[in-house]
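The structure appears right after this line, and notes come after that.
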Amino acid sequence: MIGGVLPPGFKEVLALVEERAGLAAPSCLAAALEGIQRAMARANKDDVTRYLHEVALDNALFDDLLTELTIGETYFFRTHEHFDHLRRVVLPELRERRGQEHLVRAWSAACSSGEEPYSIAALLMAEGWEEHMSVRATDVSRTALSRAQQARYTDWSLRGPSADRMRAHLKQEGRFYWLSQDVKRHVQLGYLNLALETWPSAESGIWQLDVIFCRNVLIYFNRATIEGVARRLHASLDDGGYLFTGPSDPPLGDYAPFEPVLTEWGVLYRKPLAGANAGHFVPLQPLAPLRADGTPFPAEPQGTGRTGSGAFPATLEPRARPSPAGGSSGPAPGMPPTFGADGSLPGASTPWGTGPSGSGAPASGAGPHGGGTPASGARPVSGGTSSSKTGTRPRFPLSVEALETVRQALARGDWREGARRAGAQSADPEEALAAVRALANLDPRAAVFACGEAAVRHPLVAGLRYLEALLLLGQARLADAEKSARQALYLEPGLAVGHLLLGHVLRRQDQTAGAARAYREAEGLCRKLPPEALVPLAEGERAGALADVARAEWRRLERMEGGDAS
């Protein structure tokens, strides 16, 4: 139902748009009012009641109105990370799984004026699929489809950082660029209203697809329409097919059985492989990433840093916190926590994974793998533990028997079994996170593996990615640690310890400016809390203390940049 205050008749126009196209009520009714008035002016109508009657019957008028109520923001290779992932991960995996002769079937589900599907086609051609590709492109606006069919563009369509990759396929005439027929012939344009139950179907060509781009369109839909579109997008994909959505689009996991795939730039979705195909599939190592202009990055050594070793260190750069007596009382707050020589994570004198007394006795309420269950039964927050609101550590201690089976699995190098026995594959993300912490006491490398196992089941839990980054930093795997830290912050941008950890990682890589920015962000987030408040996932540290640490770090880096290392 359309709410808000609008002049008589305009509310009914928006209701018609919601009914016909599934568009939700706009958040800014004033902007919607202005858009309707502009559409009325082009139609030479000044009476909204009459306009409502005509727009309901005239498809051209309705298309023109949709153009005003949605943002047709597009350009060639927009969000180049999506195209880079398609090139270096999706296409190689598809070729391995389906063979050289497979016909790649791609769909741009809201193609606007055509820059997106033509970018897809150009990429497929560059990757050697020219004779084995089919690209569908649809939109609800016939006006936009007409522009896509014309394929005449201006510099505005080439403003993105990767747009130069398209210039080879464009011929300039004055201020316009015309797309070559070599690319156009691979793209089939057509009208489709995503809100209607008319797809997928063999007749429309929207079925058994390998790749779908449906970006920055779901944000306009109401909840019922999103649910229907998500279900149909899932049905349109072939097993193992991928769906790219926009960064502002709503998550789809609650609407269809997609498999979320978390990357360093965000989340995309995959339709799980079925049966025998799933057993056959072995993920490939991705190709090297490209710069925005399509050229490769220079190779960099992995697992190197100023420590000079990829081995797991006894400590993660602890810096002593001055004690009143002038000595030290352990690592400063906010520094990466100290690991013992056995790889144990920080905490009290007892390692995580043993009973509260350190005796190894099972706690009450132990689960099937020895992991306990929350006494309150509360579900976790996005940080991965319900206790992240208080900053304390949940305890799901392993029983003596479970701990011994974990040790035996790790002794024979079976990390997967060790992770399973510890509970890293638990359906409860709190238990999974606690299991990873327990494994970190025994074998940090196995704990990193367990993080990956747990993240497959809980891809949107920031706490897992944060802990993974912490463990990787301990192994001096700086590039991997940075990636995991950024993933944690993508999932939970307000995670103060995530920014603090990212600052540590970047500082270790001599990325001083980036480290300083991360420390400033951490300080700002901590300053928003009461000074004595416990910071989520910060092992009992207080907001005021962490803010002071972050401030000291970025100020120190600024002095170093200015030539004063004191």
Side-chain angles (χ1 to χ4, degrees), residues 1-75 78 108-118 137-157 175-176 178-179 189-199 204 214-222 224-226 228-229 246 248:
M1 180 173 179
I2 304 297
V5 178
L6 286 171
F10 288 90
K11 188 177 188 179
E12 286 72 18
V13 172
L14 291 181
L16 174 67
V17 171
E18 182 170 12
E19 178 186 355
R20 290 266 296 271
L23 270 62
S27 57
C28 180
L29 293 180
L33 175 60
E34 292 176 2
I36 296 172
Q37 289 172 333
R38 286 192 296 269
M40 290 175 60
R42 285 195 296 272
N44 294 317
K45 303 296 179 186
D46 55 11
D47 179 78
V48 68
T49 303
R50 182 63 183 169
Y51 175 73
L52 175 63
H53 174 74
E54 294 195 12
V55 80
L57 301 175
D58 189 324
N59 287 333
L61 284 182
F62 187 76
D63 287 346
D64 186 63
L65 176 60
L66 285 181
T67 302
E68 286 291 348
L69 297 178
T70 58
I71 301 173
E73 170 71 5
T74 186
Y75 48 81
R78 183 185 182 191
S108 170
C111 69
S112 187
S113 47
E115 288 91 333
E116 179 177 272
Y118 292 140
T138 64
D139 203 277
V140 72
S141 170
R142 294 177 178 84
T143 302
L145 288 169
S146 177
R147 293 172 183 165
Q149 183 63 48
Q150 188 181 30
R152 186 185 72 170
Y153 300 101
T154 65
D155 285 330
W156 189 244
S157 295
R175 67 186 186 91
F176 295 109
W178 294 87
L179 185 68
L189 298 161
Y191 174 86
L192 183 68
N193 186 340
L194 292 175
L196 301 181
E197 293 271 359
T198 58
W199 59 281
S204 67
C214 186
R215 307 186 299 170
N216 308 305
V217 61
L218 299 172
I219 54 175
Y220 296 109
F221 292 149
N222 57 35
T225 305
I226 293 171
V229 171
S248 299

(message) Checking Arg50 now: which residues fulfil side-chain hydrogen bond (donor to acceptor under 3.5 Å, both in side chains) with it, not counting sequence neighbours?
(response)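 With sequence neighbours excluded, Arg50 shows a side-chain hydrogen bond (donor to acceptor under 3.5 Å, both in side chains) to Glu54, given in chain and number order.
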Kindly give the heavy-atom pair with the smallest separation between [X] and [Y], and that separation in Å.
X	Y	answer
Val140	Asn193	CG2-CG, 3.9 Å
Leu52	Glu12	CD2-CB, 3.6 Å
Leu192	Thr138	CB-CB, 3.6 Å
Ser112	Thr74	OG-CG2, 4.0 Å
Ala109	Leu194	O-CD1, 3.6 Å
Tyr75	Ser157	CB-O, 3.4 Å

(message) Are Tyr191 and Asp139 packed together at the side-chain level, in the sense that at least one heavy-atom pair is separated by less than 4.5 angstrom?
(response)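 They are not in side-chain contact.
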(message) Side chains of Arg175 and Asp155, heavy atoms from C-beta outward: is any pair under 4.5 Å?
(response)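 Heavy-atom side-chain distance check fails, nothing below 4.5 Å.
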(message) Strictly distance-based, threshold 3.5 Å: is any side-chain N or O of Trp156 a donor or acceptor partner for the main-chain N or O of Tyr153?
(response)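 No.
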(message) Please check: side-chain N/O of Arg215 versus main-chain N/O of Arg78, any donor-acceptor pairing under 3.5 Å?
(response)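 Yes; at least one donor-acceptor contact below 3.5 Å.
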(message) To the closest 0.5 Å, what do you measure between CD (Gln149) and CG (Leu179)?
(response)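 If I round to the nearest 0.5 Å, the distance is 10.5 Å.
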(request) Using side chain to side chain contact (heavy atoms under 4.5 Å, CB included) as the criterion, list what pairs up with Ala43, not counting sequence neighbours. (result)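 Per chain and number, Ala43 pairs via side chain to side chain contact (heavy atoms under 4.5 Å, CB included) with Lys45, Tyr51, Leu61.
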